[in-house]
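Quick notes on the structure that follows.
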Amino acid sequence: MSENKHKERKVNKFDSEKFDGSKAAADDIQEQKKNNKRIVFLVIAILVLVAALAYIGFYIYNNYAAEQETTTLPVSTTAAPTEPALPAAEIDFDSLKEQNDEIYAWIRIADTEVDYPIVQSTQSDEFYLKHSAYDKSWIASGAIYTEGVNKTDFSDPITVIYGHNGYKTTMFTTLHKFEDEEFFNSHPYFNIYMPQRKLTYQVISAFKYDDRHIMNSFNFLNPEELAGFQMEILSPSSPVRNTRDSLDVTIDENSKIVVLSTCITNQKSNRYLVCGVLVKDEKTN
């Protein structure tokens with residue numbers, strides 16, 4: 001009896017080991033299948049990622065190529081002309097007007113210290129003789145200004161702009177550089193800026209003049225008086241003068257001339273004038 005039980009135990013132990021081995025093999029097969037699925041999924045994911053990157057790269061390249069095609073057209077193209085871009089505005093008038101709403105323009109002359117706002121007082125023509133353009137505070141050197149007789153769009157046949165002389169190199173003191181013939185010849189233009197406009201003036205002449213009030217001494221609505229003053233500008237009678245022989249435009253009744261007026265040191269009865277004619281009116285941003 002005990003011998004039979006011993007045999008039975010051996011048989012059961014063998015069967016158990018056989019079962020355990022079969023189960024382990026089955027588990028290994030299942031795990032291998034799972035690994036194979038993971039590998040397949042990873043390969044598919046990589047292929048999808050590569051395809052997506054290739055599509056994005058192709059899309060970016062096509063956009064770049066299209067931009068190059070439209071911006072670098074062949075010289076022989078017959079494409080319709082486009083409106084040229086406006087030059088950028090050089091003066092921030094919005095900020096200036098927050099300081100003083102009577103600032104309406106800006107004058108700039110190369111290689112001089114003339115680089116200032118232009119103002120016109122609504123109170124008195126003499127206000128800016130002794131007041132700052134920036135905040136209207138009192139200052140001996142005053143500001144660069146026009147009087148109420150002139151419009152603030154420079155559409156008058158003659159516009160006179162005033163500025164002090166003798167306060168070191170400020171205001172219109174360095175206009176006297178135009179007394180030098182070489183400087184005069186090498187500086188034929190100056191600019192006046194307005195909101196969304198850039199005006200270019202060609203210097204006609206620079207000369208010593210008397211101290212009469214130009215705008216009150218002539219009636220520039222009278223063609224004869226206008227022509228007479230224009231002739232004085234073209235060919236000044238003063239021995240202290242520089243004039244330009246050739247101009248970009250013809251001086252006539254439609255010309256827009258700016259006269260820059262300042263004092264002459266120790267000559268109270270004289271003024272120094274730099275006169276320019278409008279040759280270009282450009283729009284700006």
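A distance-only check finds a donor-acceptor pair linking the side chain of Thr174 to the backbone of Glu113 [under 3.5 Å]. Side chain of Thr173 to backbone of Gly166: a donor-acceptor contact under 3.5 angstrom is found. Judged purely by atom type and a 3.5 angstrom limit, Gln230 uses its side chain to pair as donor or acceptor with the backbone of Asp252. Within the 3.5 Å criterion, the main-chain N or O of Val279 finds no donor-acceptor partner in the side chain of Thr200. Of the possible donor and acceptor atoms, none in the side chain of Asp156 sits under 3.5 Å from a partner among the backbone N and O of Thr159. Within the 3.5 Å criterion, the main-chain N or O of Ile233 finds a donor-acceptor partner in the side chain of Ser205. Of the possible donor and acceptor atoms, one in the side chain of Lys256 sits under 3.5 Å from a partner among the backbone N and O of Ser155. Within the 3.5 Å criterion, the main-chain N or O of Ala206 finds no donor-acceptor partner in the side chain of Glu179. Between the side chain of Asn185 and the backbone N or O of Glu181, at least one donor-acceptor pair lies under 3.5 Å. Side chain of Lys283 to main chain of Arg197: no donor-acceptor pair is present (N/O by atom type, distance under 3.5 Å, no hydrogens or angles).
Salt-bridge formation is detected for the pair Lys198/Glu90: a Lys NZ or Arg NE/NH1/NH2 atom is positioned less than 4.0 Å from an Asp or Glu carboxylate oxygen. A salt bridge does not link Asp210 to Arg271: none of the charged nitrogens lies less than 4.0 Å from a carboxylate oxygen.
Taking the six-membered ring where the residue is Trp, Phe178 and Phe184 present perpendicular rings, their angle passing 60° and hence far from 30°. Under the 30°/60° scheme for interplanar angles, the aromatic rings of Trp106 and Tyr134 are found to stand perpendicular. Ring geometry, Tyr209 versus Phe207: the interplanar angle exceeds 60°, so the pair is classed perpendicular (tilted spans 30 to 60°).
Cluster annotation: Val249 is connected to Ile158 through the hydrophobic network of ILVMFWY side chains, with a link wherever side-chain heavy atoms come within less than 4.5 Å. Residues Tyr145 and Tyr167 do not share a hydrophobic cluster, defined by chaining ILVMFWY side chains whose heavy atoms lie under 4.5 Å apart.
Nearest approach of Asp153 to Met194, heavy atoms of both residues: CA-CE, 3.8 Å. Here the closest non-hydrogen pair linking Arg244 and His187 is NH2-O, 3.7 Å.
Atom CD1 of Ile161 is separated from atom CD1 of Ile192 by 4.0 Å, given to the nearest 0.5 angstrom. Atom CD1 of Ile107 is separated from atom CZ of Phe190 by 5.5 Å, given to the nearest 0.5 angstrom.
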side-chain hydrogen bond (donor to acceptor under 3.5 Å, both in side chains) evaluation trace for Asp248 with Tyr189: CA-CA 11 Å; Asp248 297 347; Tyr189 302 101; 2.5 Å; yes

With ring pair (Phe, Tyr, Trp, His ring centres under 6.0 Å) as the test, would you mind laying out the steps for His176 and Tyr272 before giving the verdict? CA-CA 8 Å; His176 287 281; Tyr272 189 72; 4.9 Å; yes

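Residues satisfying the salt bridge (charged side-chain N to carboxylate O under 4.0 Å, His left out) criterion with Asp115, sequence neighbours excluded, are Arg108.
For the 3.5 Å distance criterion, the side chains of Tyr193 and Thr284 fail to qualify, holding no donor opposite an acceptor. A donor-acceptor contact under 3.5 angstrom links the side chains of Glu232 and Ser237, judged on distance only.
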